[in-house]
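A quick write-up on the structure given underneath.
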Amino acid sequence: MSEAGHAYRQMTRHARQADDPMLECRAMNAQTEAGFFSGMPTDELFDLLTSALAIAEEQDQKEQMSILHVKLGLLRTATAMGDFEQAEQNLHRARQLGEEIGDPARISIALNHLGLFYTSCGDYRRAEEALRACQAVEREQRVYWRNWETLHYLGALRMQIGHLDSARAKLVRACEQLDRIGIRHYEVRVRCDLGLVHHLADEQAQARNELSRALTLLDGYGVLRFEALALTRLGYVLEAMNHLTEAGECYERGCELHHQMGQHYLAMNAQAGLARIAALRDNNEAALDRAVTIWETIAGKETVATIETARTLRTCYTIFEAHDDPR
């Protein structure tokens, strides 16, 4: 992916020199696709996407506009802090453009990501509506591999609600099918969620197996955002198993990778794990310092409404309460 990104950067320069705006737009879009999977910093992704969208709008290229609005909505959702209203507008605009040009693929992808967006924001009714609508379009398209991605998002939705048996069944099914057809980067995403479901159900050995498998699949791929996610969640599992040194190593690396990509809120989930480990070891000042870092990063800002957010906030509360800290 890093090599692909380099080639697309060269392609972008050549397209600009050749005064071919749509080729430049497509090259920048492709650059972001490589960037999503190679750890390109969030700010660079935003700059590329907004520049490409400006060209697509100027050229009135609605298919490219829809593709770019989806990516902007996904990026804003994935940073997990702020810009949620704009993310929703991006995704609705992507769907509208798909309808205008009569492209069911563009419609289903927009609906798919709307489901993920509403799940992240805690609006489970609208998330389910979007994902069911997406499934209906996918059945007509007969693009079966995308159906497993949508089933994954339905499983993730069930996990956030707390329906762990239903979540597990959907995620196992999605994982099996994505493994069968060899779409590894989506399989890794499912395994990250399946590992978290096992963890929440206090099935720590199974959780460890799934997250370790995800990291094995990632070996050599360089997909840093999934690596950071899998490491942080493996930290939860090792912490629950009282393997605190190993958990701390996972949290440290997950935190580092999230910061490297500009995903500063997501880094706070790993930071909270480090705070809990410090507290468990009676290193109370270090625990407080980490809680303060988290609070200074997220206080007064809108964050995703997920199980992991709740855990991070509870960690801060518990540590502040122990120190009679007014925060």
Side-chain angles (χ1 to χ4, degrees), residues 29 32-33 36-37 49 62-78 80 84-161 163 166-194 196-197 225-226 229 304-306:
N29 175 47
T32 65
E33 289 181 353
F36 267 112
F37 291 103
L49 289 169
K62 292 183 177 178
E63 181 183 12
Q64 279 296 312
M65 288 162 62
S66 179
I67 291 168
L68 292 162
H69 273 294
V70 162
K71 285 193 172 70
L72 279 164
L74 173 61
L75 184 59
R76 288 185 163 110
T77 304
F84 295 136
E85 184 176 343
Q86 185 59 56
E88 185 177 14
Q89 290 175 11
N90 286 135
L91 295 169
H92 280 300
R93 180 61 177 147
R95 178 185 181 181
Q96 180 186 23
L97 288 161
E99 290 169 347
E100 287 178 14
I101 61 177
D103 186 339
R106 304 266 60 84
I107 296 168
S108 69
I109 291 170
L111 286 166
N112 180 291
H113 286 88
L114 273 167
L116 179 63
F117 167 78
Y118 286 128
T119 299
S120 296
C121 292
D123 193 341
Y124 306 127
R125 178 185 57 79
R126 293 176 78 182
E128 179 127 14
E129 287 173 356
L131 292 170
R132 295 299 182 192
C134 179
Q135 284 185 317
V137 176
E138 287 167 347
R139 278 193 292 272
E140 292 179 10
Q141 281 186 279
R142 297 176 180 270
V143 182
Y144 292 119
W145 77 265
R146 285 206 173 276
N147 185 53
W148 306 124
E149 182 188 21
T150 304
L151 186 66
H152 165 211
Y153 288 162
L154 282 164
L157 167 62
R158 291 278 175 250
M159 174 179 68
Q160 293 296 337
I161 293 172
H163 295 177
S166 174
R168 188 189 298 102
K170 286 177 169 57
L171 294 171
V172 166
R173 176 71 172 150
C175 209
E176 288 173 347
Q177 293 304 314
L178 289 166
D179 176 54
R180 183 178 63 82
I181 58 183
I183 301 185
R184 297 288 176 239
H185 56 289
Y186 284 107
E187 180 189 345
V188 164
R189 291 164 63 183
V190 181
R191 288 192 186 278
C192 283
D193 280 345
L194 184 55
L196 184 55
V197 167
R225 62 192 177 118
F226 297 157
L229 180 66
V304 287
T306 64

Exercise. Could you tell me whether the side chain of His163 and the main chain of Met159 form a donor-acceptor pair under 3.5 Å?
Key: no
Practice problem: Start with the C-alpha distance between Glu63 and Arg106, add both sets of side-chain angles, then the distance that settles side-chain contact (heavy atoms from CB on, under 4.5 Å), and finish with yes or no. | Solution: CA-CA 8 Å; Glu63 181 183 12; Arg106 304 266 60 84; 4.0 Å; yes
Self-check item: With sequence neighbours excluded, residues passing salt bridge (charged side-chain N to carboxylate O under 4.0 Å, His left out) with Arg76
Solution: Asp83
Quiz item: Hey, what do you get for CD (Glu100) to CZ (Arg93), rounding to the nearest 0.5 Å?
Solution: 5.5 Å
Quiz item: So do the side chains of Glu140 and Pro104 get within less than 4.5 Å of each other, counting heavy atoms only?
Solution: no
Quiz item: Any side-chain donor-acceptor pair under 3.5 Å between Thr150 and Glu138?
Solution: yes
Exercise. Check Val70 against Ala110 and note the closest heavy-atom contact, atom names and distance.
Key: CG2-CA, 4.1 Å
Quiz prompt | Pairing residues for Tyr186 by the ring-ring contact (aromatic ring centres under 6.0 Å, His included) criterion, not counting sequence neighbours | solution = Trp145
Quiz item: Hey, what do you get for CZ (Phe84) to OG1 (Thr77), rounding to the nearest 0.5 Å?
Solution: 7.0 Å
Self-check item: Any pair counted as salt bridge (charged side-chain N to carboxylate O under 4.0 Å, His left out), so long as it reaches residues 111-124, sequence neighbours left out
Solution: Asp123-Arg126
Quiz prompt | Non-hydrogen atoms of Phe226 and Cys192 that approach each other most closely | solution = O-SG, 4.2 Å
Exercise. Taking Thr119 for its side chain and Gly115 for its backbone only, find out whether a donor-acceptor pair lies under 3.5 Å.
Key: yes
Quiz item: Taking it one step at a time, do Gln177 and Leu151 satisfy side-chain contact (heavy atoms from CB on, under 4.5 Å)?
Solution: CA-CA 11 Å; Gln177 293 304 314; Leu151 186 66; over 6 Å; no
Practice problem: Using modelled atom types only, decide if a donor and an acceptor are shared between the side chain of Ser108 and the backbone of Ala105 within a distance under 3.5 Å. | Solution: yes
Exercise. Dump the intermediate steps for ring pair (Phe, Tyr, Trp, His ring centres under 6.0 Å) on Phe37 and His185, then the final yes or no.
Key: CA-CA 9 Å; Phe37 291 103; His185 56 289; 5.1 Å; yes
Exercise. To the nearest 0.5 angstrom, please state how far the CG atom of Leu171 sits from the OH atom of Tyr153.
Key: 12.0 Å
Quiz item: Just how far is it from atom CG of Leu116 to atom CG of Leu111, taken to the nearest 0.5 Å?
Solution: 13.0 Å
Self-check item: Salt-bridge present (Lys62, Asp103; N to O < 4.0 Å)
Solution: no
Exercise. Enter the distance from Ile109:CD1 to Leu114:CG here, rounded to the nearest 0.5 Å.
Key: 12.5 Å
Exercise. Test Leu97 against His69 for side-chain contact (heavy atoms from CB on, under 4.5 Å), laying out the working first.
Key: CA-CA 9 Å; Leu97 288 161; His69 273 294; 3.8 Å; yes
Exercise. Locate the shortest heavy-atom distance separating Gly98 from Ser66; write the atom from each residue and the value.
Key: N-OG, 4.2 Å
Practice problem: Could you tell me which residues satisfy side chain to side chain contact (heavy atoms under 4.5 Å, CB included) with Glu33, sequence neighbours excluded, listed by chain and number? | Solution: Asn29, Lys71
Practice problem: Could you tell me the separation between the CZ atom of Arg173 and the CG atom of Asn147, rounded to the nearest 0.5 Å? | Solution: 9.0 Å
Quiz item: Can a salt bridge be assigned to the pair Glu176 and Arg180 using a cut-off of 4.0 Å between side-chain N and carboxylate O?
Solution: no
Self-check item: Ala167 to Gly155 - nearest heavy-atom pair and separation
Solution: CB-O, 3.3 Å
Quiz item: Hey, are the side chains of His92 and Gln96 touching, using non-hydrogen atoms and a 4.5 Å cut-off?
Solution: no
Quiz item: In chain order, what residues pass the side-chain hydrogen bond (donor to acceptor under 3.5 Å, both in side chains) check against Ser120, with sequence neighbours excluded?
Solution: none
Practice problem: Sequence neighbours left out, what pairs pass salt bridge (charged side-chain N to carboxylate O under 4.0 Å, His left out) with at least one residue falling in residues 127-136? | Solution: Arg125-Glu129, Glu128-Arg132, Glu128-Arg158
Quiz item: Quick one: are Phe36 and Leu75 in side-chain contact, heavy atoms under 4.5 Å?
Solution: yes
